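Take a look at the structure below.
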There are 2 protein chains.
Amino acid sequence: MPGQGAVYTERLLAHGIQPTQQRLRIAEVLLASAQHLTAEQLLASLRQRGARVSKATLYNNLKLFAERGLIRELLLDGSRSWFDSNVQPHYHFQDLETGALTDVGVAEVAFEHLPSPPPGMEVAGIDLVIRLRPSRR
Amino acid sequence: MPGQGAVYTERLLAHGIQPTQQRLRIAEVLLASAQHLTAEQLLASLRQRGARVSKATLYNNLKLFAERGLIRELLLDGSRSWFDSNVQPHYHFQDLETGALTDVGVAEVAFEHLPSPPPGMEVAGIDLVIRLRPSRR
DNA sequence: TTCCTTGCAAAACTTTTGCATTAAA
DNA sequence: TTTAATGCAAAAGTTTTGCAAGGAA
């Protein structure tokens, strides 16, 4: 039976990423469960568990992870990026008060029709965000 | 027959906004047609046509216009906001290379089904962005 | 040795804020 | 004259970059 850490080592290698110390620390936190974290939240988690990872390295590697398909970067906020450990196609609820995200499975949404892309272009992805506020009653 | 400028004066007043010089200059550029502009693009347009509007005033007023429903602020980019002069419900295409936005009318999209919001929450809005890239063939 | 990775601090970019000045009612 | 709006420059929040130092192959 392989040690716990080996799981992440393998996942990084499988995506063509050298498993360095910092990258493993980042993966251990971010990939532990399906979640959405901002860089700042992730940095706080890392520091809290004693991992020494600089801000520059964190950003560089989040970008790398996203490029290699290990995580997904969500741009749906004015200011910051969210990093999503769920790379399966899916959509999101967003609580407008807190900014918190919840997954919406593809099975929960069905399009009856969608417009065709303009000539010479193709659809790279569809982002659907259902913004939520507290009910008024 | 009223002068051209009167149109924007009236629109501002109709939204409870005092029509000051700067606000009229901003409205004249942004509301001239259905378009999507970033604050920086708008500032450049204003300066180019000789309007003196400071950055702070521009941002303050874009925020105000959005609050009062005169324009819509789009948060679909990592870093900057887009200001949309079309306040009718609609969706967007986004060219991933240039960031440019194109409207998608509500009639062009139909949902067969959507998930129910969690208890105590209601849907405040649905943002749909169809990301585009050049076709590969 | 050679190449890749890291860390720090500074820079970059967008947006907001404090406050004195100016314009508008 | 009283309130509201503006402009400037500085601050704030997030992300990127330059470069020297450290680590892996």
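Hydrogens, waters and symmetry mates play no part in the numbers below; they use all other heavy atoms, side chains included. Computed from a predicted structure; not experimentally measured. Chain naming here is simple, since letters A, B, ... match the order of the sequence lines and numbering starts at 1 in each.
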Original post:
Separation of B:Leu43 atom CG from D:dC8 atom C1', in whole Å?
Top reply: 13 Å
**OP:** In whole angstrom, give the distance that lies between atom CD1 of B:Ile17 and atom C1' of D:dA4.
**Re:** 14 Å
**OP:** Check whether more than 12 heavy atoms from other residues, nucleotides or ligands sit under 6.0 Å from atom CD of B:Glu112, and answer yes or no.
**Re:** yes
Subject >> Heavy-atom closest pair, residues A:Thr9 and A:Pro19 >> reply: CG2-CG, 3.9 Å
Original post:
So does A:Arg133 have more than 12 non-hydrogen atoms from other groups sitting under 6.0 Å from CZ?
Top reply: yes
Protein-nucleotides 6-12 of chain C N/O pairs closer than 3.5 Å?
unit_1, atom_1, unit_2, atom_2, d
C:dT6, OP1, A:Thr20, OG1, 2.5
C:dT6, OP1, A:Gln22, OE1, 3.4
C:dT6, OP2, A:Asn61, ND2, 3.2
C:dT6, O3', A:Gln22, NE2, 2.9
C:dG7, OP1, A:Gln22, NE2, 3.0
C:dG7, OP1, A:Arg52, O, 3.0
C:dG7, OP2, A:Ser54, N, 2.9
C:dG7, OP2, A:Ser54, OG, 3.4
C:dG7, OP2, A:Thr57, OG1, 3.1

Original post:
Could you give the distance from OG (A:Ser116) to CZ (B:Phe93), rounded to the nearest 0.5 Å?
Top reply: 7.5 Å
Original post:
Tell me: CH2 of A:Trp82 to P of D:dT15, nearest whole Å?
Top reply: 11 Å
Subject >> Below 4.0 Å: OP1/OP2 of C:dT16 and any side-chain N or O of B:Tyr59 >> reply: no
Original post:
Base, sugar-phosphate, or nothing for B:Ser81, non-hydrogen atoms under 4.0 angstrom?
Top reply: sugar-phosphate
Subject >> Residue among A:Leu128, A:Ile130, A:Val129 satisfying side-chain contact (heavy atoms from CB on, under 4.5 Å) with B:Leu128 >> reply: A:Leu128
Subject >> Side-chain donor-acceptor pair present, A:Ser81, A:Glu73, cut-off under 3.5 Å >> reply: yes
**OP:** Hey, can you tell me if A:His90 and A:His36 have their rings parallel, tilted or perpendicular (30° and 60° cut-offs)?
**Re:** tilted
**OP:** Grab the CG-C1' distance between B:Leu24 and D:dA5 for me, whole Å please.
**Re:** 13 Å
Original post:
Would you say A:Gln21 has more than 12 foreign heavy atoms packed within less than 6.0 Å of its CD?
Top reply: no
Pairs under 3.5 angstrom, nitrogen or oxygen only, protein versus nucleotides 20-23 of chain D, please.
none

**OP:** Measure the distance from CZ on B:Arg80 to C1' on C:dC13 and round it to the nearest whole Å.
**Re:** 11 Å
**OP:** To the nearest Å, give me how far apart CG (A:Leu37) and P (D:dT15) are.
**Re:** 13 Å
**OP:** Find the distance A:Gln18:CD to D:dA24:P and express it as a whole number of Å.
**Re:** 11 Å
Original post:
Whole Å only: how far is the CD1 atom of B:Ile26 from the P atom of D:dA5?
Top reply: 12 Å
Subject >> Check: A:Asp127/A:His92 side-chain N/O donor and acceptor closer than 3.5 Å >> reply: no
